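The next block holds one structure in the form of structure tokens; read it before the comments.
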Amino acid sequence: MAESMKGLVRTARCGEVTEDMIGKQVTLMGWVAKSRNKGGIVFVDLRDRTGIMQVIFEGNEKAATLHSEYCIAVTGTVRKREGAANANLKTGTMEVAGDSLRILSESQTPPFHVLDGIDTREDLRLRYRYLDLRRPELQKKIMFRSRLVALVHEFMNGEGFLDIETPDLIGSTPEGARDYLVPSRVHPGCFYALPQSPQIFKQLLMCSGYDRYYQIARCFRDEDLRADRQPEFTQIDMELSFVQQEDVMDVNTRLIAFILARLPKIYRDLGMDESLAVAAEKAAAEVVANGIEKMPWKQAMDLYGSDKPDLRFGMPIIDVGDVVKNCGFGVFTGALASGGFVRGLNVKGQGGMARKKIDKLTEVAKTYGAKGMAYIAIKDNGEVKSSFGKFMTEEGMKNLIAAMGGENGDLLLFAADKYKVVCAALGALRLELGKQLSLYDERELKFVWITEFPLLEWSDEEGRYMAMHHPFTMPVLSDWEHVDEDPGSVRAEAYDIVLNGTELGGGSVRIHIDEVQEKMFEVLGFTKERAEEQFGFLLTAFKYGVPPHAGLAYGLDRMAMIFTGSDSIRDVIAFPKVKDASDLMIKAPGTVDEKQLRELSIEVVIPDETE
């Protein structure tokens with residue numbers, strides 16, 4: 001039967017007990033991780049978020065009734081362990097001789113063991129997330145995230161930023177992912193939208209004179225999920241007035257350096273893997289000494305096939321169009337004749353790769369739009385085998401191998417298609433090979449700024465140019481004069497910060513010049529009436545002295561995921577959703593009763609899937 005605390009006060013957490021406290025009485029509270037009855041002597045591993053303390057009861061009948069996950073309070077004396085020390089616990093040299101025990105609440109048998117390293121289906125763990133969150137490895141990650149947010153606040157406050165909240169119930173705007181809509185009871189037939197970002201409001205704050213804003217902002221997007229995406233997520237959001245692109249990149253490079261320098265202590269305080277601390281120390285030294293590398297978007301796409309390149313390993317993409325433009329292989333010449341590209345990867349030391357593995361790589365390329373993949377395998381003895389060798393002259397093959405930097409033992413892979421397809425296919429192959437061949441240290445932290453993005457990208461679905469970032473992104477003004485005849489050539493004052501092949505954050509300089517903004521809307525196909533309807537409040541605000549301004553937002557969840565070495569952001573979010581955007585624990589989303597729908601003037605019509 002559960003007991004009350006009866007005025008009992010916890011004097012320490014389990015992991016906070018030190019050898020200086022030997023001989024002293026403590027009161028600890030937590031959960032039973034394990035209980036073992038050895039002939040009237042009961043050994044209890046008491047667990048809380050700071051760690052585990054072994055408690056020993058002798059001749060205590062109540063202790064003999066304890067089971068896993070009982071919530072208990074213990075008073076006893078700290079002493080040196082009588083048995084062998086446990087090197088896996090920071091309290092492993094001590095134990096508590098239990099004098100009194102209170103069972104604060106009992107527990108049913110859990111649906112899975114509350115232990116690290118369990119082989120339990122994720123859907124079961126998410127259904128009982130409150131139990132899953134008791135596991136030490138998850139607790140460390142959630143506590144790490146809290147400490148990470150504290151570092152952000154410390155830095156931003158020290159730099160003169162103001163933490164200002166923006167609304168969560170806003171109007172729906174176009175040019176982005178689908179909005180989550182909230183019906184208004186007071187305004188029948190009208191809807192709020194949950195913010196995909198605080199974009200509009202932080203720009204309005206610049207108009208209001210708050211020249212350095214930030215917040216830890218909750219954001220919502222109704223889009224398909226993946227390992228590093230959730231329908232509701234958290235941003236480290238910021239905006240600055242009277243700055244240029246370099247100013248924003250400078251303050252954020254210093255933010256990254258500030259965080260990296262303090263991560264090792266956090267890892268060690270929380271008892272996390274030492275390799276994480278070592279990697280952070282190396283990255284901090286690199287960023288402090290050399291800053292963060294800057295790479296134009298075009299260079300990133302040409303060399304790595306991605307605007308978020310993983311620079312922990314090499315294997316750049318090589319253009320061989322000039323070498324093969326007159327060869328006899330129709331796939332290459334046909335692609336070039338239609339305005340496409342022929343490019344390849346040199347996979348060093350893999351000339352002996354089995355044909356089955358090469359075929360699997362071909363399937364990877366196909367999933368990214370490629371029609372196939374050509375290859376040259378150079379054996380260790382110099383023998384050359386190629387999927388298209390019969391179409392090449394001996395001299396042509398030698399020239400192609402030389403252009404690729406091919407040597408004995410190398411495998412050369414090629415794609416020939418439109419620019420986007422070649423980049424996507426070879427970029428994906430590069431990442432797949434990097435992982436398969438262990439070409440990088442998984443703990444290494446490699447940052448890069450990607451700059452000079454295209455301002456616009458063509459949408460076949462919409463039949464028009466769309467803003468690659470958003471309609472308020474400032475173009476590179478030296479390119480702006482070409483926007484009518486060649487919109488795709490105009491670069492943006494936009495920048496992303498990438499870590500280990502993941503977009504950690506992104507931002508841009510905003511348009512503050514009326515003529516440029518009006519033209520931008522025109523290029524995007526907005527009539528003046530539509531622009532006024534969607535963004536009238538912002539455009540009106542800009543008529544009252546808008547300062548030059550720029551900003552950036554990080555994905556906090558992604559940052560915590562990478563810094564903790566996690567495979568999914570679900571590991572660093574207390575209560576995440578699954579791939580269909582549902583919450584298995586609280587069974588959301590769910591239906592609501594008719595009365596609520598009537599109050600909102602809503603009728604639910606479920607489409608017939610057979611139609």
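Predicted model only: the values in this text are computed from it and were never measured.
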Closer than 4.0 angstrom, basic N to acidic O: yes or no for [X] and [Y]?
| X | Y | value |
| --- | --- | --- |
| Lys398 | Glu395 | no |
| Arg491 | Glu452 | yes |
| Lys528 | Glu518 | no |
| Arg430 | Asp310 | no |
| Lys360 | Glu363 | no |
| Glu137 | Arg135 | yes |
| Lys356 | Asp359 | no |

Is the number of heavy atoms from other residues, nucleotides or ligands within 6.0 Å of [atom1] ([X]) greater than 12?
| X | atom1 | answer |
| --- | --- | --- |
| Gln436 | CD | yes |
| Lys282 | NZ | no |
| Gln299 | CD | yes |
| Arg355 | CZ | no |
| Glu394 | CD | no |
| Tyr368 | OH | no |
| Lys379 | NZ | yes |

Approximate separation, where rounding is to 0.5 Å, of [X] [atom1] and [Y] [atom2]:
| X | Y | atom1 | atom2 | value |
| --- | --- | --- | --- | --- |
| Leu345 | Met315 | CG | CE | 6.5 Å |
| Ile256 | Phe447 | CD1 | CZ | 4.5 Å |
| Ser459 | Met466 | OG | CE | 5.5 Å |
| Leu455 | Ser489 | CG | OG | 10.0 Å |
| Leu429 | Leu361 | CG | CG | 6.0 Å |

So, [X] side chain and [Y] main chain: donor-acceptor pair closer than 3.5 Å or not?
| X | Y | answer |
| --- | --- | --- |
| Asp179 | Leu181 | no |
| Asn399 | Gly396 | no |
| Gln230 | Lys577 | yes |
| Ser386 | Phe388 | yes |
| Asp557 | Thr234 | yes |
| Tyr495 | Ser508 | yes |
| Asp417 | Val422 | no |
| Arg145 | Val572 | yes |
| Ser387 | Tyr375 | yes |
| Asn500 | Glu444 | yes |

Starting from the C-alpha separation in whole Å, work towards a yes-or-no answer on side-chain hydrogen bond (donor to acceptor under 3.5 Å, both in side chains) for Arg558 and Thr502.
-> CA-CA 8 Å; Arg558 293 184 188 182; Thr502 295; over 6 Å; no
Aromatic rings [X] and [Y]: how do their planes relate, parallel, tilted or perpendicular, breaks at 30° and 60°?
| X | Y | value |
| --- | --- | --- |
| Phe391 | Phe329 | parallel |
| Tyr267 | Phe144 | parallel |
| Trp458 | Tyr465 | perpendicular |

For the student: nearest non-hydrogen atoms of [X] and [Y], plus distance:
| X | Y | value |
| --- | --- | --- |
| Asn346 | Gly405 | ND2-O, 3.1 Å |
| Met373 | Leu413 | CE-CD2, 3.8 Å |
| Leu126 | Val578 | CD1-CG1, 3.4 Å |
| Asn381 | Asn408 | C-ND2, 4.1 Å |
| Cys327 | Thr333 | O-CG2, 3.3 Å |
| Val509 | Gln245 | CG2-N, 3.8 Å |

Are side-chain heavy atoms of [X] and [Y] found at a separation under 4.5 Å?
| X | Y | answer |
| --- | --- | --- |
| Asp302 | Arg343 | yes |
| Leu148 | Leu556 | yes |
| Pro475 | Val516 | yes |
| Met520 | Trp480 | yes |
| Arg312 | Asp441 | no |
| Met404 | Phe414 | yes |

Should Asp583 and Arg129 be marked as a salt bridge (charged side-chain N to carboxylate O under 4.0 Å, His left out) after you check the CA-CA gap, both sets of side-chain angles, and the distance that decides it?
-> CA-CA 10 Å; Asp583 186 317; Arg129 184 63 166 180; over 6 Å; no
Are a donor atom and an acceptor atom from the side chains of Asn252 and Tyr554 found within less than 3.5 Å of each other?
-> yes
Which of Leu411, Asp410, Val384 passes side-chain contact (heavy atoms from CB on, under 4.5 Å) with Ile376? Answer is Val384
Checking Glu239, Arg510, His549, His512 against Gln203 for side-chain hydrogen bond (donor to acceptor under 3.5 Å, both in side chains), the one that qualifies is His549
